[in-house]
Asker: 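Pasting a structure here, questions to come.
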Amino acid sequence: MVSTRFLIVLSVALAVGLTFGCAGGGSQEGGGSGAAVSHADHEVAPGELDDYYGFFSGGHSGEVRVLGIPSMRVLKRIPVWNIDPGSGWGITNESRALLGGMQTGDTHHVHGSYEDGTYDGKWLFVNDKLNNRMARIRVDLMEVDAVVNVPHAQGAHGLFPQRYPSTEWVVLNSEFRTPLSNDGRGDMLDASTYGGVHTIINAADMEIVAQVTTPVNLDLAATDYQGKYSFATSYNSEGGATISEMLASDRDYLVVFNWEAIKEALANNNYRIVDDIKILDGTEGTGLTAYIPIPKNPHGVNISPDGNYAVACGKVSPTVSIIDINKLDDLFAGNIEPRDAVVGEPEVGLGPLHTTFDGRGNAYTSLFIDSQEVKWNIQKAIDLYSNPVEGETAVVDRLDIHYQVGHTMASMAETKEADGKYLISLNKISKDRFLNVGPLKPENDQLIDISNDEMILLKDEPAYIEPHDCIIVRRDLIEPHVVHRAVLEEHPLAVTQSSVERVGNKVTARITASAPVYGLQEVVVNQGDEVTFIVTNTDEIPDLAHGFAISNYNVSFVVGPFQTKSVTITADKPGMYWIYCTNFCHALHLEMRMRFVVNPRST
Ligand code: CUK
Ligand code: CUA
Ligand code: CA
């Protein structure tokens, strides 16, 4: 059986790759050898600042990480789908309202909002593959400010914001096919009824604009540089439910979504409504989509910074497919066949997953099985496709990485301002590269200099489970606030005067925090009362944060200057409990505490 044979080939290749790090790649061409660039050129000395922000997804840790590039210093962890007692995320009323009771999530892709093809520094968008949501992070505060739940989707995976003229829409793919109305009716094991959804979300109000359904699954996502098309790779054109079924065909699809046609269908009420969401039929022939056959179980799709090409990685095929975006108008007009849009398909190595760009015409593809970064020239690949020359290849350089690379990203590469300075290889396995910390090792994010012809490995950086992707953003495009003043102005509960108010069995304690005292010395309630604590940090000194932790009541959060947070608990344990500041704020920080007294229920 063909499918079984492919499975065996794939699993043998994976096993070899996992054992030896570099399996089929052969010798290392160049990389790290003779080039006259000193590592010191890329050092960031103590007290010096990095040139770039790196925003990394955190995988099933549920968070987003902010790194300085090239130092690779971890500057901040932004909690998103996780619980973080360090800040109180998932503990405060404000964050719990956004998380809707969920405690976990799986962030694979983080991308910034755009203005005219480059970052506008306003928002970051993050997917949750686990509970099918998307979060928005305010870049000025580096905190989540909105969440949208996405029904009809499972494996909410590939995410990409509109790049031109600016980010009005964000698209989110469902990697897993499911019944559309997944309410338990019908034969739930009949996979032929399943579909994927390309969800369009309005970036400003975080509402779902529409969902375009497809018979196939939709994995990674991209948008073009003209505001006309979005893209999804599909590895399950077979409509299979098992791994061998999903590997049956030699080709699957790059699915193209036509935004003009989608807008027209919406304007003409050419949709169904399911659970209050507009559902558009994206089957082949509706004019909303085009299905371009490409080999085989493809994974990443990335757009070259000049806007001309979509590059889809073959994963199970050693090829990448180059799709000419300028031919898509003709494809939708019916003037050409889908495969006519493919203008190159170079062999690059085993297990190609993702591609990034240097803005000088070169692409860099991650090879999971070969454990390599491969640099290849786009124009050369296109020329050789139409006019093959014996012994010629588009490959320019290869660099062994350590080991098993997933995503790879170059500086500013997802913008028209790609500058080709740094490349990050997000490797799944570090094996022997760091001190042994037991059976579960860190991952290894490697920093590579790509400013020369040859790639030069600069740095290994251990990473906690499990960044999938990152973007590298020039620092002048990011301008965070110094204090939370904007939040104080926006928060309806901000406290200026401390007080305690009781209505029935509901108690509200409004408390200011100003080093080294809280605005109240005690709060006295009765057992069984529902108590809401609202805390505003009224200190004006940047970064002077106060904690608010209630002993034995499982409450701990932090409020930054001008920030307000609240928590609601049931006073179910009688006794006296110290509330204390967790964040070292003052010489008298240890004295910054107050009492919470719960009188026993009179029987
Ligand atoms: S996916 Cu993980 S390596 Cu979720 Cu972007 Cu390719
Ligand atoms: Cu306030 Cu420590
Ligand atoms: Ca397939």
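Numbering starts at 1 and runs along the sequence shown. Just so you know, ligand 1 is whichever comes first in the structure, and atom 1 is the first atom listed for that ligand.
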Asker: Within 45° of the axis and under 6.0 Å from the centre of the six-membered ring of Tyr114, does NZ or CZ of Arg163 qualify?
Answerer: yes
Asker: Could you name the option among His468, His108, His109, His299 that has the heavy atom nearest to atom 5 (Cu) of ligand 1?
Answerer: His109
Asker: Determine whether the aromatic ring centres of His407 and His109 lie less than 6.0 Å apart.
Answerer: yes
Asker: For Tyr577, does the OH atom have more than 12 heavy-atom neighbours from other residues, nucleotides or ligands under 6.0 Å away?
Answerer: yes
Asker: State yes or no: are the ring centers of Tyr518 and Phe548 separated by less than 6.0 Å?
Answerer: yes
Asker: Which of the numbered atoms in ligand 1 are below 4.0 angstrom from a heavy atom of His407?
Answerer: 1 (S), 3 (S), 5 (Cu), 6 (Cu)
Asker: Does Lys375 count as lying over the ring of Tyr364, i.e. NZ or CZ under 6.0 Å from the six-ring centre, within 45 degrees of the axis?
Answerer: no
Asker: With heavy atoms of Leu220 as the reference, note each atom of ligand 1 found under 4.0 Å away.
Answerer: 5 (Cu)
Asker: Round to 10° and report the angle made at atom 1 (Cu) of ligand 2 by ND1 of His546 and SG of Cys581.
Answerer: 120°
Asker: How wide is the angle at atom 1 (Cu) of ligand 2 spanned by Cys585 SG and Met592 SD, rounded to 10 degrees?
Answerer: 110°
